[in-house]
Peer 1: 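Got a structure for you, written out below as structure tokens; questions coming shortly.
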Amino acid sequence: MKKIEAIIRKSKFDEVKDALHQIEVNFFSYWDVTGVGNEKQGHVYRGVSYSTTDIQRRYLSIVVSDPFLEIAVDAVLKSAFTGSVGDGKIFVSNIEETYRIRTKEKGIEAVK
Amino acid sequence: MKKIEAIIRKSKFDEVKDALHQIEVNFFSYWDVTGVGNEKQGHVYRGVSYSTTDIQRRYLSIVVSDPFLEIAVDAVLKSAFTGSVGDGKIFVSNIEETYRIRTKEKGIEAVK
Amino acid sequence: MKKIEAIIRKSKFDEVKDALHQIEVNFFSYWDVTGVGNEKQGHVYRGVSYSTTDIQRRYLSIVVSDPFLEIAVDAVLKSAFTGSVGDGKIFVSNIEETYRIRTKEKGIEAVK
Amino acid sequence: MEANAVLDLMWIVICGILVFFMQAGFTLVETGFTRSKNAGNIIMKNIMDLCIGTIGFWAIGYTVMYGETIGSFIGSPTLFYSNSEDMHNLFFQTVFAATAATIVSGAVAGRTKFSTYIIFSFIMTVVIYPISGHWVWQGEGWLTELGFIDFAGSTVVHSVGGWAALVGAILVGPRIGKYTNGKSNAIPGHNLLIGALGVLILWLGWFGFNAGSELAISGDSANAVAGIVITTNLAAAAGAVTAMIVSWISYGKPDISMTLNGALAGLVAITAGCAAVSPVGALIIGIIGGAVVVFSIDFIDKKLNIDDPVGAVSVHGVCGALGTLLVGVFATDGGLLYGGGFAQLGVQAIGVLAIGAWAVVTAFIVLFVLKKTIGLRVSKEEEVDGLDIHEHKSNVYN
Amino acid sequence: MEANAVLDLMWIVICGILVFFMQAGFTLVETGFTRSKNAGNIIMKNIMDLCIGTIGFWAIGYTVMYGETIGSFIGSPTLFYSNSEDMHNLFFQTVFAATAATIVSGAVAGRTKFSTYIIFSFIMTVVIYPISGHWVWQGEGWLTELGFIDFAGSTVVHSVGGWAALVGAILVGPRIGKYTNGKSNAIPGHNLLIGALGVLILWLGWFGFNAGSELAISGDSANAVAGIVITTNLAAAAGAVTAMIVSWISYGKPDISMTLNGALAGLVAITAGCAAVSPVGALIIGIIGGAVVVFSIDFIDKKLNIDDPVGAVSVHGVCGALGTLLVGVFATDGGLLYGGGFAQLGVQAIGVLAIGAWAVVTAFIVLFVLKKTIGLRVSKEEEVDGLDIHEHKSNVYN
Amino acid sequence: MEANAVLDLMWIVICGILVFFMQAGFTLVETGFTRSKNAGNIIMKNIMDLCIGTIGFWAIGYTVMYGETIGSFIGSPTLFYSNSEDMHNLFFQTVFAATAATIVSGAVAGRTKFSTYIIFSFIMTVVIYPISGHWVWQGEGWLTELGFIDFAGSTVVHSVGGWAALVGAILVGPRIGKYTNGKSNAIPGHNLLIGALGVLILWLGWFGFNAGSELAISGDSANAVAGIVITTNLAAAAGAVTAMIVSWISYGKPDISMTLNGALAGLVAITAGCAAVSPVGALIIGIIGGAVVVFSIDFIDKKLNIDDPVGAVSVHGVCGALGTLLVGVFATDGGLLYGGGFAQLGVQAIGVLAIGAWAVVTAFIVLFVLKKTIGLRVSKEEEVDGLDIHEHKSNVYN
Ligand SMILES: Nc1ncnc2c1ncn2[C@@H]1O[C@H](COP(=O)(O)OP(=O)(O)O)[C@@H](O)[C@H]1O
Ligand SMILES: Nc1ncnc2c1ncn2[C@@H]1O[C@H](COP(=O)(O)OP(=O)(O)O)[C@@H](O)[C@H]1O
Ligand SMILES: Nc1ncnc2c1ncn2[C@@H]1O[C@H](COP(=O)(O)OP(=O)(O)O)[C@@H](O)[C@H]1O
């Protein structure tokens, strides 16, 4: 099994979610993070203008079985794309074992 | 060393924490995430009823030394269990190195 | 590529960020977590004093190319250090592939 | 000044201060019931409604409304009103005008250009609202002559705001993602506690709104004022309870956002008749308001697919019109149920329709021109990212 | 109406509006000091206390309390009170009744069934509260005849609410996880800033609560009103400072939640005697209230293991009783310290006990019957997940 | 008491209650515009300002300010003021004193020791504020004799607070990370919605602040009161609009925090002249205040590198002084623009300077002594972690 971690624009989340549902990836978890990267955002606060690279992003953690990896990555790559700096990253890593707590299933069965 | 990522019901957190403490796993980090999965939750807002699979969950990240892996996974499996859809998942992956910032210790020493 | 996960004191974040910027690690994501560990914090609420090991921490996820690993870890180790219990941990794990969504670049190119 | 006159002036000032506070209520309701990424924009709109309203209404709007009548249609405007013996009335009417303007902001929240909104709000305060207000409240307006009753402004203030909000919501279009193939999606508000506090502050301010509209407290007005406080409170309570029960039946659970809206619906509905109906009448008007608002929100959202994030059209427009009509039914003096026949009801209908038409037509003209010139709506990107970061380079929560 | 009568009516209406606003204060205090997952449920309970209270008290409660006495024990009820010359009093008493009911919701927060709560709140407003209120405030009640003094309701409003809260907290049982083997665990409130705002709003409303209870402002009442404002403010301040100091000594740091509770304790304690004591007396009553509330919260929580999330029993019950007794000590006319002997103190004790017993017994009967029929408590799963999602299918924060 | 006297007393009490509520406004503004980790500490400081102010001002401060004059410089103090015919004035003045003290807490937020702050706040309330207040408001003070006009306290209350805040901000030093090599870094407030609510509550309270300072409403005062309400409202609106426009031009976007500050700046600036200027004059004073506050905040922050997290020095100190001077320009009776020559302006300047010097010198002495003894500032670790957890062992948000 592989873990796909995708850091995307918050505003692209709905599209990414739909894209994942379309390829039947119906399981994942997400949360909001602050991302530091190339993108800069202008802010003003009480007369101090500043631009920051700390930008709100959404972090998706999606564990899929190996055969699903490619299409899932593809789906995110396409749906999260705008073309401007700050579209985000996808990281793939290995998951050694998965359990479903409710059924105690292990492995492939557990990520379906 | 292994990393155990457990996505559990928020309401089960206290029990899981106790279970971990009992087997002397006293180090971990957690945060709240939104999980997408099998479980559905009914909502109403301003007259629109809808059911969503986006449900608040708690995400635990527990790094343990290899011998502890099994009992830690077991502890979570048992304590997070209710039997209804939505109990969550456990993912195990490999950690190549660990450092304790305070002492600069590495490896096994650092996760104790 | 390697993923460095650093769990640090919130109050040390600015220093860690500066240290990373100095070694040209300009890409990472972070969020706030609750950490359970050795440190204890005294609280009082409505007459109940209690001490908790659940302490607010900041979680940094930094993916770097292999040659950068050591200096990045070093930078965090130094900048996050206070010497008191609760300085936090660093975990290193393997990342198999990285994509930059904007350009579809893969691998080393994508983490720069 | 003699003690009774002082009493009246003092009462108007105190009630004006209470109505002023409703601005805080609107701000909280509108931000609480929408998403956090637009909260700063809503704050700015509400503050500007108040500030521009204050300046514009004093500068010209007040005399457009209350100046000597020109053909029972409009007052003769004079600039920078400064009659030092009438400042209490200016204040009281100013905060009313700001209320009418502010109603619109909730309905177009989350997608409207800030600069456009400010221009519209200004025109609303100095033209649209004062002219129709003149018809009813100046004393010689044509609706007054007909015998139209709108004691504290169910129609004059709330409906005008509500119908303008309707036009705005239609012209600006729904928020991205609100409807998929005609199906309405819920976009939950980010902080219902703040919304609830807003509702309680509005309820508080409404005592000033309604009881202050007596414009006196001395002599016979004293008991009238106390009676208004009771009818106002009863209608609000009845509206909330009814909306809760209806939502409980419809969705299986007592719904928080609907219950809160029900209280507001009861308040808007009783505003026209608060001085003309009995406590029992107020209770029934509140019940009707609380029930209608649920169905109206449903209908406007699910059938018409008009996106009104805080329900301003239903609460202020529909319940305002309804409440005005119900005066013709429940007025203890002249109402249908009290043997007055259909006469009053007919007059009420004329007023509701005339002012509704006025608000719809003028708001449409203004907004349409704005749409074709500077544009009504922010870019897709700005909307998705949130208005706060693009329109104000700020986040509300850090 | 003559100017002095208008003044009195106006004062009562204004104070009633201030007391009305206390509902917002209670809502904020109760939500802020509990967990976010139940915030919506608390909002609904508070809104319903107010709405059902408004309707119920008008429909029948007011005459149960103030109707012609039947044996000095209860008023003769008439339905749908509509004396148009007494609407100001109806309003003022309505918001008082809503206050008494609302006190209970904090003590049973986080685990009580919504439907059960609503029924209880209704009975509280139309039966329990008005009957004991009749004894003291109708003018011919048996405690009035004895000479019992409870000017603005330390006992009549707050203690009644507090003792009912105690019974509720016991019968419904502690929240899951609150006690482990008799050890109390802290369950911190989710937003102390909202809680602090609530306390300041309550303090604000209390000026109306106490100074409005003079029920007049003309003639000699004017200075009395001003004096009440001062005693009220001093006692609140003294309560907060004292609670802060006590907490500083006890826990090593000045505690936020205790300091806020101290202000409320001072306010409750002075309510009975605000018109009878000197500023110095008020200061001392505040100090006593502020100290006692800390120990009382401690005792009820750690020794009795009764789970009262917002400290309603200590603040309203204990400090209410205490404040009523202290009138017998500090009343400048007849108090123990002013040479009045133990007579007044004895009468105060009788009143406190009689009304306490009444509240405990009636609340117990009602809640016990509800427990055996529809049940008091939500299921374990609902409680753990939060009442909002199960009882209202909503989240407050999105 | 005769009806007119009752009216006056009632008005003072009502306005005092409104001013009291400003404490909630200050609490919200100061917490909203700073970081969440210090919110609890700010709550405690504001509550203690109020509580200690209430006790201290009654115990001694009131007579220091209003007691029989000793050389036109200070009142003869008597302990525990208890003239039962003057309680309304005591109340009104108490909430004013609490306001002056509370201004300082915003400027030193996020790094000041709680115990030190409390001591300073006490001295501020019983010594610094009442003495300079005596010069202007007691009737026989030396500035009164000169003809100095500060109707409701632009200088007496706001500037005194603002200059003390300046001294505090300098002596305690900037927050860690605020300046790097002379460059100012933004430290955004954690909840601008709460900040905005605070501003609206302050604006609400300001009606009491200014219109209550008439200290009467009967007879001729009635129209004066209404006029004050209008000038106050117009200046606030003009201040907000101006600050928005200036920020729009300067930063390319209408800035939320600056707009909110602009409203406060307008309010502070009009406070001195609210009864002396025309509506047009008020508008212009508000415009000047709203523009100046933006540049002042900029200057103090970026040029002087003095860290004032909520802009208290600019809003209260600078705009307070400015507003006082502008009375000499815009007073319809005696102002420069109304043919009165430079006389009044000169007197205004003397008053502003004298009271400014007084506030700076006394605040410096007190704070310097405190710095050398118990210390002004928390440890670096405490500051970085947040004052809440170290000073109060609590988090505001859980
Ligand atoms: N090496 C990394 N480790 C962790 N997060 C990263 C890394 N690189 C980028 N990110 C995340 O991706 C986001 C987008 O990256 P950014 O450089 O701004 O845009 P782009 O990928 O278009 O160049 C960042 O805000 C950050 O959250
Ligand atoms: N493949 C996955 N990747 C990441 N998170 C997952 C994955 N599968 C499940 N989860 C998390 O586990 C939670 C529970 O899963 P769910 O399917 O609802 O219940 P069950 O495991 O009982 O079938 C989800 O809400 C989601 O947060
Ligand atoms: N094995 C672990 N897995 C996940 N997080 C951990 C682990 N060990 C420590 N942490 C995180 O590191 C933080 C600091 O650790 P702690 O034991 O308190 O201090 P120290 O490292 O100085 O002994 C903890 O609060 C927790 O967030």
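Numbered from 1 within each chain, the chains take letters A, B, ... in sequence-line order. Just so you know, these numbers come straight off a predicted model, no measurement behind them.
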Peer 1: Would you give the length of the straight line joining atom OG of D:S314 to atom CZ of B:R46, rounded to the nearest 0.5 angstrom?
Peer 2: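 So the OG of D:S314 and the CZ of B:R46 are separated by 8.0 Å.
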Peer 1: I'd like to know which of D:S250, D:S247, D:G252, D:G311 tops the heavy-atom pair count under 4.5 Å against chain B.
Peer 2: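 Max contact count across the listed options: D:G311.
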Peer 1: Look at D:L192, D:D255, D:D298, D:L260 and state which one has the largest set of heavy-atom pairs under 4.5 Å with chain B.
Peer 2: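 Ranked by contacts with chain B, first place is D:D255.
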Peer 1: Under a 4.5 Å cut-off applied to non-hydrogen side-chain atoms, are D:P188 and B:Y50 in contact?
Peer 2: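 Touching, per the 4.5 Å side-chain cut-off.
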Peer 1: Is there a side-chain contact between D:N185 and B:V48 in this structure, where contact means two heavy atoms from C-beta onward sitting under 4.5 Å apart?
Peer 2: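 Answer no - side chains too far apart.
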Peer 1: May I ask you to check whether over 12 heavy atoms, not counting those of B:K104, lie within 6.0 Å of atom NZ?
Peer 2: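 Result for NZ/B:K104: enclosed.
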Peer 1: Roughly how far, to the nearest 0.5 Å, is the OH atom of B:Y45 from the CZ atom of D:F33?
Peer 2: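 D:F33 CZ to B:Y45 OH: 5.5 Å, rounded to 0.5 Å.
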Peer 1: Is there a donor-acceptor contact under 3.5 Å from the side chain of D:K302 to the main chain of B:G47?
Peer 2: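 Checking the backbone N and O of B:G47 against the side chain of D:K302, a donor-acceptor pair under 3.5 Å is found.
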Peer 1: May I ask you to check whether over 12 heavy atoms, not counting those of B:E96, lie within 6.0 Å of atom CD?
Peer 2: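 Yes, CD of B:E96 has more than 12 neighbouring heavy atoms, counting only those of other groups under 6.0 Å.
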Peer 1: Need one label for D:P254: side chain, backbone, both or neither, based on atoms under 4.5 Å from any heavy atom in chain B.
Peer 2: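 Neither; nothing under 4.5 Å.
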